[in-house]
Amino acid sequence: MRPILESESAFGAKAGAAEAMTTSERDAGNPAMSRGSDQGGAAPTGRAPAGPTAPPGSPQANRIPAAQSGIPSASAPARPALTVPRTVWPGAAARSHAATAGVAGQKRAAATPPRPGARVALGDYSPVQVLGSTAVLGVFALALVGIVVLLARFVLAIGPGREFLAAFPGEYPLPASAPVGLPAWLNWSHFLNSFFLLLIIRTGWQVRREKRPAAFWSPRSNKKRRISLALWFHQALDILWIANGVVFVVLLFVTGQWMRIVPTSWDVFPNALSAALQYASLDWPTENGWVNYNSLQQLSYFAITFVAAPLAIVSGVRLSGVWPKNAEKLNRLYPVEWARKVHFPTMLFFVAFIIVHVALVLATGALRNLNHMYAARGSVDPEAFTSDPTGLLIFAASLVVMAAAWVAARPAVLVPIARLFGEVKQR
């Protein structure tokens, strides 16, 4: 065994000496190769020069040259300095260069426009871009409004338009049994509906945008079920809003007030078109809501009471914890995706209705309309109560209450209330 090991050691020593001599000769014959191998790079020509090669299968052919293995050879001569620009900065310089390159990359990324189809947030635009876009959209909206007004005036000025307006002035007579005036319970219901709806929209938007809730609520009977405090408040407001709506609808049909907002004749549709044309022409229809709404108002109030509100309730129940989670057949019949696609657009409809409703109330005789809606004061004479500030003062007080509730709807106030109905855990 010992003679075999000694022969292998001797053979390895001879092979190493031959390899070192071969490398030395090759480097001496090609200075460029020496410079490239000293820095770990390649020859300028892109390929290694041909040199002495060992026969295939020999021990020299199976060994890795010292220059390629990274092990310096003791017999290799000193290399001259590198003559090409450095591309690697060791130590602290490498970190500085990387940081500079990172900042430059961020600037290039900021200057690069987003890919088609990528979601873009408002924060991705500069203030100048936002103001410019708003100004352009504002000018476009004004131009569009001007075109609509001119078209409406043109339609009502020609012969067929005048005949249509004479046949359908914008409202039709109510049944003889319809009540006149607005009772006090309707005023209170109107205020509570506005109050709850405002906070429902606020909390609904908060739930949609909130990523890290400040607190969570769990019922005492099932502490494993946990929802955010904002969602709990949203659903609590929903219950109060629904209760107020049920009382409103019941009293509506008991007192006969339903005839004021539920169409009782097919004439409601041409009269609604006539009212829309009059609004669009800025020559608004003469109305007295104490006696009768115009047909466009009637259809709007009917839609908000008997279409939008039920859709909001049905879709909201499907998204809430009241819905049974394990009812597979029921969940297949009414998928949660359908509820999401209905609930949010319904909220947008409520927002649009509120904006248009408040604008027209203030623009078509604010004092008279506010007396009808908040003070239960009115007359068959449309000129009455046009200078009485009672309704305006009550309306202003209601706005103060709504603003206070908006500000108070925060965890510091909601947590003690929520703890009356369940367990609350704060972050």
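- The shortest non-hydrogen separation linking Pro183 to Ala376 is C-CB, 4.3 Å.
- Two residues are said to be in side-chain contact when any heavy atoms from C-beta on lie closer than 4.5 Å; Val262 and Phe302 meet this criterion.
- Between Tyr334 and Ser315, the shortest heavy-atom distance links the atoms OH-CA, 3.3 Å.
- Side chain of Asn369 to main chain of Val361: a donor-acceptor pair is present (N/O by atom type, distance under 3.5 Å, no hydrogens or angles).
- A centroid separation of 6.0 Å or more is found between the aromatic rings of His190 and Phe248.
- Looking only at distances, a side-chain donor or acceptor of Asn292 sits under 3.5 Å from a matching main-chain atom of Tyr172.
- Trp290 and Asn371 share no donor-acceptor pair across their side chains, judged by distance under 3.5 Å alone.
- The closest side-chain donor-acceptor pair between Gln278 and Ser274 falls under 3.5 angstrom.
- Annotation: side chain of Gln235 is in contact with side chain of Ile227 (closest heavy-atom distance under 4.5 Å).
- Between the side chain of Arg260 and the main chain of Val291, a donor-acceptor pair closer than 3.5 Å is present.
- Cation-pi geometry between Arg202 and Trp406 is met: the NZ or CZ atom falls under 6.0 Å from the ring centre, inside 45° of the normal.
- Across every non-hydrogen atom of Thr305 and Pro310, the tightest pair is O-CD, 3.5 Å.
- Using a distance-only test at 3.5 Å, with no hydrogens or angles considered, no donor-acceptor pair links the side chain of Asn288 to the main chain of Glu383.
- In this structure a side-chain-to-backbone donor-acceptor pair under 3.5 Å is present from Trp217 to Ala418.
- Side-chain atoms of Ser281 come within 3.5 Å of backbone N or O of Leu277 as a donor-acceptor pair.
- Contact annotation: the side chain of Trp258 never approaches that of Pro179 to less than 4.5 Å [non-hydrogen atoms, C-beta and beyond].
- Arg377 places no side-chain N or O within donor-acceptor distance of the main-chain N or O of Phe385, the cut-off being under 3.5 Å.
- For the pair Ile394 and Asn187, the minimum side-chain heavy-atom distance is 4.5 Å or more.
- Among all heavy-atom pairs drawn from Phe168 and Pro270, the shortest one is CE2-CG, 3.5 Å.
- Checking side-chain atoms of Asn244 against main-chain N and O of Phe191 turns up no donor-acceptor pair under 3.5 Å.
- Of all non-hydrogen atoms in Gly422 and Arg220, the two that sit nearest each other are N-NH1, 3.6 Å.
- For Ser218 (side chain) and Arg225 (main-chain N/O), a donor-acceptor pair under 3.5 Å exists by modelled atom type.
- In this structure, the side chain of Trp284 engages the main chain of Tyr279 through a donor-acceptor pair within 3.5 Å.
- A donor and an acceptor atom, one from each side chain of Asp388 and Thr390, are located under 3.5 Å apart.
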